[in-house]
Each structure stands twice: as structure tokens, then as C-alpha cells.
Amino acid sequence: MLPNLPRDEIKDIFRRCLLIRRFEESLIGLHREGGSFGHFHVYIGEEVTGAVAMRMLQPDDKAFTTHRNHGHLLARGADPGRLLAEIMGKATGYNKGKGGTLHALPGELGFLQTSAVVGGVIPLAAGAAYASKQMKKDFVSICLFGDGALEEGAAPETFNIAALWSLPVIFLCENNSLGLGERKSSDYSGSTNAARHLNELVTPYGIPSRVIDGTDAAAVHQAMSEALNRARAGKGPAFIEAQTYRWAGSKPLWPDLLTGITDLTMAWDKGKIPQEHRQWHEKQDPVLRISREILEAGHLSREQILELDSEVRSEIGKGVLFAKESPLPDPQSAFENIFA
Amino acid sequence: MLPNLPRDEIKDIFRRCLLIRRFEESLIGLHREGGSFGHFHVYIGEEVTGAVAMRMLQPDDKAFTTHRNHGHLLARGADPGRLLAEIMGKATGYNKGKGGTLHALPGELGFLQTSAVVGGVIPLAAGAAYASKQMKKDFVSICLFGDGALEEGAAPETFNIAALWSLPVIFLCENNSLGLGERKSSDYSGSTNAARHLNELVTPYGIPSRVIDGTDAAAVHQAMSEALNRARAGKGPAFIEAQTYRWAGSKPLWPDLLTGITDLTMAWDKGKIPQEHRQWHEKQDPVLRISREILEAGHLSREQILELDSEVRSEIGKGVLFAKESPLPDPQSAFENIFA
Amino acid sequence: MREISYAEAVAEALSEAMENDPRVCLLGSYFFGLSPRRVLMDELKEKFGPSRIQDTPISEIGIAGIGTGAAMAGLRPIVDIATASFIFQAWPQVVNEAANAFYMSGGQTRVPVIFHILHGLRGGGAAQHSHSPQAMLWNAPGLQIMLPTSPADAKGLLRTAIHSDNPTVFVDHSLLFEVKGPVPDGDYRVPFGQGDVKRVGSDVTLVATSYMVQRSLQVAAKLSAEGIQVEVVDPRTLVPLDKETILASVAKTGRVVVVDECHRSCGVAAEISAIIAEEGFSSLKKPIKRVTRADVPVPFSRVLENAIAPTEDKIEAAVRSLVS
Amino acid sequence: MREISYAEAVAEALSEAMENDPRVCLLGSYFFGLSPRRVLMDELKEKFGPSRIQDTPISEIGIAGIGTGAAMAGLRPIVDIATASFIFQAWPQVVNEAANAFYMSGGQTRVPVIFHILHGLRGGGAAQHSHSPQAMLWNAPGLQIMLPTSPADAKGLLRTAIHSDNPTVFVDHSLLFEVKGPVPDGDYRVPFGQGDVKRVGSDVTLVATSYMVQRSLQVAAKLSAEGIQVEVVDPRTLVPLDKETILASVAKTGRVVVVDECHRSCGVAAEISAIIAEEGFSSLKKPIKRVTRADVPVPFSRVLENAIAPTEDKIEAAVRSLVS
Ligand SMILES: Cc1ncc(C[n+]2csc(CCOP(=O)(O)OP(=O)(O)O)c2C)c(N)n1
Ligand SMILES: Cc1ncc(C[n+]2csc(CCOP(=O)(O)OP(=O)(O)O)c2C)c(N)n1
Ligand SMILES: [Mg+2]
Ligand SMILES: [Mg+2]
């Protein structure tokens, strides 16, 4: 479902979804072409969660994200060119090529740390919330992390403290393990948790939680509204588990565009949906889902959707060009920024 | 209440309680006299939990304990002399003077590690249980730890794994924070947990738990029986929270015999109970409580109780003598036992 | 100048910093361990209350991370880990989050956090409570490391740390608490990266850190009576390190003993020795000696602890071996 | 003799050990990381099943502790931490429980556990995935440390580790997986504490560990053409360390470069340098040089990573500086 928001805002959410999807597709393409930018993770399948949640933040709210950050950064307004440049290790990247995909950080947008250590950002995000409280500021802190982070001890330590000190922090756990069993062989890992319901892990600490379908824009909007209100009212932390299906292209090594470059016309033309990955295109793909919902609600026509998409594609295209043409950093710059 | 056991066994439990109490009292006395044996922690107030639980173990069950270990070791049969020698850093101590109070370890009794790192033994104990399962042995593993350990991330990580792998481990959490508020100033710490009920921390993982009065011998016996049966039947871990009141003499620095050398006649002669610490003597002291219960049940007469006590005292006295007369280790032995 | 104890100097620095800047706060309050000086912390708590001096659960990785994240968002927290051995619980946050944040963000995220640890052999701490993790920390770039040894240095360095935008580890030692010395008035600071020659001498250089400076001064005083003039160099901070002061002393004496309380292998003394062996080689007249904690887990019994510790006897013997 | 790859040699050692001893098992199965060689692990899993090769949650301190506790109770587990940086999560269990157990129990509790880590610069790992924690581990007495560099050493050392009653860290490097070499048949073992001269030379000694041995051999081959004869010494284990082989080589050449991938300060090279500066001083003709990773968090971009890495160019330059 769509949140009850004006058309412009819905369009904006949709635009962000497309931006993320087209960015990731381009990235996978660039890697195929032989770009060497280390192991990376894409946000395909989780776009709606990020697009809805991140735009609800105020400019001075703080955000913390993980190895699977591209969607979060783009959803909050990161420039695709500078992000891509960072992923390609270029001097013009957000981190001057020092971070890469694992640590890409548009600091000007209120991101404070992108940590590739599973669970690493959980205490950090609570810390920013602690700062807000101590300095009597209004900002809240949002912590984005995967289901796997709940297997790390840093998570419950932080839940305890965040609850004890009523910190204005939102724990947004993106559980992308749906459709996976336990971790298999050297496969990319899925949740390995004895807890049947991950949100119950915060219940003993008295932290309220919501379990939502992360591809349902209305649900994300509703859960975030509640959590933000709670945090801003000084009532303490909240936990949201946004469930999404694991995209088939998430491979242990490199993401693989198994489901193809997204064809938005599949949203209204079922005949275009191929037999392979039919579930994905019909039910799980959040970009196709929100396209259908927007059509049905009459916010945009088919043509308008395709037009928006081509705008987005050309924006991404410019970003790709910018990143490709950007220079590599000066080797000597490796010795800068060790200390402030 | 007393467990439904033959008189001899009840007497044995009682004897262990007395042994622990008299040991700790002597230790505090020795420290007063100027013994220098580092910071130590006593088990006063928790005797019944240890005395009942430890004697239920089979010889090849494995046990892991903490900085507050004296009671556990003695309850499972440690020699007071060798334990005291260890605490005094003597060559005849269980660890040849290398461990001291914090790491005292009668290995021959199935203790594998005494860790003074809060939470340190929790994964270790699950590990011994894993070994039992892997090697298709019957032994179970018991993990003794305080309420504070639940604030460490190692605890939930282990609960998750122990549950997932159905490990034969018993988590016996001795919550001695009753009667304390949150940790105060530089006071000895009490539980600082947002969870109102500590046992609920294991519930999400599907680990069954019991909350019991740790001074109630029958309750300890019942909870341990269930947990042992479960573990031996291959049904996985169990969690027991044994609640006791914090003994007034637990100081941040050195334990202080604020409640005096225990006068067992207070068990039947209320008139002897002084105004100060009345609650302790009347309600909280597990040794006085079990004395009263034994009297009431007719297992032992007043005289028999006092006789047992004086036997115990003389045993402790011998231990003290042994420890005092034992030699210090040869300085060169510091360089032995680094590797097996 | 006023003479006060090291512990008082630290407490003064904390008190003044908290008065002057509402962003300065403490997470954890065992700054003075269980020493008698912990009354100083009680006084600070009285003065500033729990909103500024926050007691915490036993959750080192959580608290270190919260301090780090708070620093990223503009607070200037001092995270008190107390016994240094338990910074291991916080290791991922200290060495992999706090230390890396500024660099890996390309200079965007500043982390003005201080981690306070009480390191070293304290008598009976045994294997699990006696660590000196400063060598491991030095191997994690991005952290500043201060190890004051006098009241004036303690106050002046702590002030510098509090005003720094970088994560700093305050490597403290409870055996220093009662050391007395003159402390200047006013808002003086001791800059990082500036070593101090704690005693001038011409025969042998003793490079020592933290409590080992005190031991080295004792040995120097004793040997001076015999005509052996020992120079005691105290780097005061490891990151940044004042190599020049060390190398200048070695250039003068040609003989050097490095004294340090870490375990020997890859300890602080190893690094200082390696620097001298590379950059001060031409002035060396004798092998570089190290006096360190032996590569042995710390035993409990005092006689054993002593056997593995960098004691005055061992420092003295090392110096003598270079001048005989 | 058969020629196989390093990765195959490791897989053989694991397979044979699990066949021969039901107590040997694996906790975690990213032994070959995400390299193409991970098919070897898939084969082992096929052969031994999940009861012997257990996948785990993302819970390093839990798993390291469970491996340690299991070892205490008689199992012989191999705990695979995979990327070395995440052994920091397990730090308290590795350095404060496993390392200390035998000693602090006065020789009662044996801990036959192996921790496997993939360390080092792997190209694009950036600040949080590229650690070489062997120096920090060396500073924690009670741990054996092996760093094989050839297929034969890998198999032979791993066998020794599996039969040892002490905790061992297997410091592995994914850039070694494809190195090929002869591997003897049968149950041979490579003893711990016995270094290996990987190339004989008379002019300069290169002491190198892990993947740096391969780089050093490249440089030695190149310089040999110019008449500079470099001896490459590979200690193979840090704990125990074969000082004799290192010192004998230095006695012969009088010139030494220590090469190592840890961050510079308090790294492995620092320790080896300090040992030589103390015990091999009289044979030194030149300062002891170190080529290490710089004291900089690891940057992502390859050009930057290269700038801080101990590359062949830098090794060559260091050697040349000693012979010019
Ligand atoms: C502490 C730590 N352990 C292991 C890893 C290796 N690792 C990288 S991503 C990943 C899976 C993370 O799963 P999840 O948190 O659910 O995020 P997802 O990738 O599914 O979005 C693992 C195990 C790591 N980065 N950090
Ligand atoms: C990891 C760690 N952090 C801090 C300490 C210091 N410490 C020693 S005992 C203790 C309190 C432990 O409380 P609890 O686990 O409830 O045990 P109790 O002493 O109450 O029996 C603390 C914080 C420690 N030993 N280990
Ligand atoms: Mg996930
Ligand atoms: Mg307690």
C-alpha cells in the first residue's frame, strides 16, 4: 500500500526507488565491464524501505549504515556520481577514495559512519542519540542494519542501554532473509537465529517493536512515523523489522543481474514476466510493486512512470560518466586524514 | 523448603553450606590480620544455591565459574586448605599460586575455567557442552555466573547458539542484586538491566527458564533436576535465575564481616538477633534459613547442628593452618606452564 | 607552584573540563579504580550529578561504541573502561570504528572521544586483570595515546586530549595516583608528541613510559651515587611520538635501555628499540636492551608476579650491563 | 614429489585430520574466504557433513569461546574466524581466556583449539577488513602463532597445530592460496619454532613472514641478477620463534631488512628488529630496516592501498639502501 501522502511526495518516494534500482543495475554492469572495486553489496529488493524511511528524517538527524548502504545514501539525497566515484576509488568520491563501497559516507547528509563490521553501527547510533539527549538537541539517530547484526553481542548490549537511558534512536533492522533457510555452505548468509521472531529480542528490554513488510510503503511510513514521534517526544528507542525477500542476484561473490535490467512495463503487462523468477517480478520486487500501486492509485500514468524512469536513468548515466572520468587519488593523499 | 531427600543428603547439603560460610569468614579474618591476597569476593548469602546445585552434578560433568567461585568449588568438594593456599598465593594451591582467588580451579573436580572476566565463562561452558555432544558423551556443562554477566554481549550470543545447537548446558545465573537499586557511585555493582525479569532475556531464543529463591533448597533442587534431565535427554539448554539478597558485607573494596561471625543459635533463639541487620539474620541469610528448616524437619537437633558446625570449623582450621604453613612458590616457576 | 598528587591533578582536569564545556561528560566512573582516591570521583559525582557522570551496565563494547557515536555527533565523552584488560571487550569499537572513522570517511567524521584505562601490574591482578594494551593500541593507527607520569603532565595532557578532535586513549596506572609534584595554575596544556627528559645524564639513556618512568628515576638516582649518569626520557605520548628527543639522547649516550610494562613481544619497548636500531644506529655503542614484562600470562602470587615484572633490579642490571 | 597448491595442501590437512580423529571439527567454514578455492570447502562439507563442519551465526565472541570451551573439554576444534579483522570481536575469548587458561590454572586446563584468520591487504578490503593482527596476538602470551608460506609448510604446520595441546592461531593469507609447491606424502609434520631459510644469500638478510616471504623471494631473484645475494629467512612460527636461524643469518650478512604486513608500530617487524638489535648487535654493519604497512588505516582505492603497503618496490629499495 501507499502511505496517505500527497501525490508529489509519493512521486518523490518512487523516484528514489528508481534511482536506487538504476544505480545498482549500472554498478553491476560496470563491474561486469571489468571495473575493479572490491566486493560490494546491492540494495535491490529493499528499495521501498530505504526510500520511504530516509526521506522522513530531518536534515540534522543522524544516520548510520552498513556494507549494504547504497540505497540508504541515495534515498537521503546522495549524488549518484560521487557515490559511484567512491565505489570506484576515485578522488572525487565522498570519502576521496578512502572508503569505497563498504564505507561510503556523504557526511553532509547527516551520515556519521558506514561500518562494514556486522553490528558495528548499533552502539554508534545509540551514541549519537545519547549526544542529542545530553546536548538537549532535537535530532534523532537512525541505525540501519541487517538481520545478521542481531547475532552480534553488541546489539543486545546497546538495546539494554538505549532502553535504560531512553535514547532517541530508531533501530531499523532490514531482514532480507525471507525465502532463505539457514545459511548454506559458503552461500551468502541468512539469519541464523534461534529466535523465531527477531523483534522479540528487544521485547525484554521494554523496547517497542513493529514487524512490517519492507516492500509496503505505507507500512514503512507508519512504523517510522511512530518511531520518530516516540524518539522526538523523548520516549526512547524503537525497533522496526522490515522484512524483504532475498533478491536472487545476491551471490556470495558478486551480485549477478539474474532478474535482468528491471522492465517497468512488467508492472502493468504481466505477459512480459518471464517464467524464471516469476515470484520475484510478480510479488517480491518492491519497485514493480510500488509502480503498480502508483498506477492503481492514479498518481502517475504508465507514460509518466516511464518518463520518470528515463529521467532517473539519464541522471545515473551522468553519474557514471562523472565517476568514470574522475581521476584516481594522488597516492600521497593516502597519508592525509589520519588525524583531524 | 528442603528438598525431598533422605536425611543424609540433607545433612550433606547443610554441611556444604557451613563449610562455605566458615571458609569465607576465616578468609575475611585472615585478610584482616594482614594477609595480602588481592581483591577477593565471597559467597556469603548464596550458600544454599551452590551447595544444592553442585552436589547434583556427576563426576564428569564440567563446571565453569567466576570471581565469586569459592562456594562453588567447596560445594563440589574442593579442599579448603588447597583453596585457601591458592588464595594466599602458595605453591600448594590448586593453581600453584598462579591463579589466586580470581582463577582458583580444582581441575580434578571437573572445573575447567574460573574466569574473572564478567561473562567470560558463558561461551566456554556452552563449548564444553558442544564437546559433549560432538563426542557423544553424557556429561553436561554448568555455567555459574552473576546477574551482571547478562549485560555482556557474550551472553546472548551464546544463548542463541546453545539454543540453535541444543547444547547440554545449564546457565545458572546467581542474581545477588536483590535489595540493591541500580549501581550506585563507586559501589559494588548491582544489576543494571532494562529487563524487569532477567530470565526473559533467554525466552526469545526458546530456552526454558525458572526464577527461584536461591536460599530455598527445594527450589534449587527442583530447578536443577529439571535442567539436568533436559540436558541429559539431549533437549538443550536451560536457564535458572537464583535470586539472593546482597549481603551487607559486600563492599567495593574488601568484604567486611558486618553481620559478624555467624551464630547458628540465632536459628532457634530469636533473642540473639541484634537490631542491626535484623532482616539479614531473620530472613535473608541462607545458612540460618536452612538451619531452621532442618531443625523443623527434625533432621538434626540443635546439638547436632552445633556439632556439625564445630566439625566444619575444625576442618577449616586445619585448612587455614595448611595454607599458612605452605611455602610460597619458587620464583622460577613463574616461567613454567606457559605451554602444555 | 602548588604540589598536588597525580590523582588530584586528573580530577582537577576533569572537573574544569566539565565546568567549561557542557559537551564533556563521563561514561563510567571507576577512574580511580578501587584505590582510596576514588573519593575524588565521589566528589565529582556530587558536583556534576548523574547526567554528566553516567554509570553504565557492564557492557564495554556497547559503552565504547556509544561514546564513540556520541563523539561523532558532537559530544566530547570520556569513556572510562577502568581495568585496561576490559578494553578487549570494546576492541572492535575502539580499533575498528573509532580509530578508522576519520580516515575512512576521507576526513569527514571527527571522533573526539577519550578512552581511559588503568593498565599494568598492580599486585595480585593475575592473568586477566593486569594487561598493558598500549602496544596493541599503538598497532592500530588512528588513536592518539597518552601515558602521563607526573601530576603536571597528567593535567596538561588530559586537557590537550579533551580539546582534540581525535580519539585518544588515556593509558593510566593506579600506582601513579599518589605521585606528588608541582602543577601550574591556569589553562596550560602539554602538547602531544613532545617527550620530556625527566632526568639528565650522559652515560646511558633509559626510555621509559608510564609507571616505568618512576622506577627508572629510582634506579637513576641510585646509580648516580656510583657515578653512572642515567638520562631518563619519557615520551609522554606514543601517538604522536617524539622520536627526536629519544634519538638526541641516544646520540649523546650511545647506550640505551627501553623499559616498559607490556608483554615483551611486539611491546612498546620493541617499537622504540626498532626505531633506534633504524634511525639511531650510528650512535649506538652497545646493543639496545629491553626491560619488559616477560612473555608470560601474569601469575597471581606476588613472588611470581615479581619474577616476570620489569622491576628496579632488572632495570639496574640492564644499565650496568651497558657500562661495565 | 607431488606439486599442489597451498589451498589444496590446507584442505588435505583438514581432511586427513578429520578422518583420523573424530574430535577434530570445524566451527565456521569460510576457510578459503570468497576465493575460487572455496570449492575445496564445499568438498569437505560434502565429505564430513554439518556435524563436523558447523556453520555458525555471526557471533565471533560466542563461537571463539565455544571452540575454546570445547577444547577444554576434550574436543579439538578449529574455529574459522575468516577475515582476520573480526577476531577483534572475539578478542576477550582469544587473548584473555584461551591464551591464559593453561597458565592461570597452574597447568591443569589444556586448550587444543585453532583459530584460523585470513589477514592482510587483499585489494579493496579498506580499513575494516584488512587487519594483520598477528603482532597484537604475539603480545598476548599463551598463544602459538603459525604463518605458513608454502604448501608443504601449510600442511606440516597445520598438522603440528592439530596435534598440539595449546591454542594456536593459524595466520593465513588468501594471496597464498595459489602458490604451488612440492608436498611430501605421509604424516610428516613441520615442527613449531623452526625457521626456514627460503633462499640462501650472503649480502643481505630479509626476514619476512606470511605473504611477505613470497614478495621477498621475488625481490631476491631480481637482485640476484645484479649480483646482490639476498638471504630470505621465514620464521614460519612466531610463537615459538626460532631466533637462532634469524641471528645466524644476520651474523653472516651483517645487513638486515625485516618485512611484514602489520601496521608498523609494535608490529611483527618491530619485535624481530628489537631482538636483532639486542642479540645480534655485534654482527650488524648497517641499521636494521623495516618494510611494513604504514601506520595508516587501510584506504580503499588501490593506488592508495599500494602507497601504504609493503610492496616489492619498497623491499627492493630497502635492500639497496644497505648495500650501496
Ligand atoms: C563482525 C563481522 N563478522 C563477519 C562479517 C562478514 N560479513 C559481511 S556481510 C555478512 C552478512 C551480514 O548479514 P546481514 O547483517 O543480515 O546483512 P545483509 O548483508 O543481509 O544485508 C557477514 C557475515 C563482518 N563484516 N563483520
Ligand atoms: C568484562 C568485565 N568488565 C568489568 C569487570 C569488573 N567487575 C568485576 S566483578 C563485577 C560485577 C559483576 O557482577 P555480577 O556478574 O552480578 O557478579 P557478582 O559479583 O554480583 O556475583 C565487575 C563489573 C570484569 N571483571 N569484567
Ligand atoms: Mg540479512
Ligand atoms: Mg551480581
Interface moiety of C:Ala127 toward chain D, non-hydrogen atoms closer than 4.5 Å | both

Report the distance from atom CG of C:Leu304 to atom OH of D:Tyr103, rounding to the nearest 0.5 Å.
-> 6.0 Å

Side chain to side chain, D:Leu284 and C:Phe281, heavy atoms closer than 4.5 Å | yes

Run the salt-bridge test on D:Lys289 and C:Glu279 with the 4.0 Å N-O cut-off and return the result as yes or no.
-> no

Would you check if D:Val298 and C:Met104 make a side-chain contact, meaning some heavy-atom pair closer than 4.5 Å?
-> no

How far apart are the closest heavy atoms of D:Arg290 and C:Ile275, and which atoms are they?
-> NH2-CG1, 3.7 Å

Tell me, out of D:Ser273, D:Pro92, D:Gly142, who's got the most heavy-atom pairs with chain C below 4.5 Å.
-> D:Pro92

Side chains of C:Ser265 and D:Asn139: does their closest heavy-atom pair fall under 4.5 Å?
-> no

Quick one: which of D:Gln128, D:His263, D:Gln93 has the most heavy-atom pairs under 4.5 Å with chain C, could you say?
-> D:Gln128

Residue from C:Gly280, C:Pro141, C:Ala99, C:Ala274 scoring the most non-hydrogen pairs under 4.5 Å with chain D is C:Pro141

Check whether C:Glu60 gets within reach of chain D through its side chain, its backbone, both or neither, counting any heavy atom under 4.5 Å.
-> neither

So does C:Lys286 pair up with D:Glu278, basic N to acidic O under 4.0 Å?
-> no

Side-chain heavy atoms of C:Trp91 within contact of D:Met136, under 4.5 Å | yes

Highest number of heavy-atom pairs under 4.5 Å with chain C among D:Pro299, D:Ser282, D:Gly267 belongs to D:Pro299

Test item: D:Asn100 and C:Pro297 side chains (from C-beta on) under 4.5 Å apart, heavy atoms | yes

Specify the closest pair of heavy atoms between D:Ala135 and C:Cys266, including all atoms of both residues, with the distance to one decimal.
-> O-CB, 3.6 Å

Between D:Ile87, D:Ile276, D:Asn96, which shows the greatest number of heavy-atom pairs under 4.5 Å with chain C?
-> D:Asn96

Please flag which part of C:Arg264 lies under 4.5 Å from any non-hydrogen atom of chain D: side chain, backbone, both or neither.
-> both

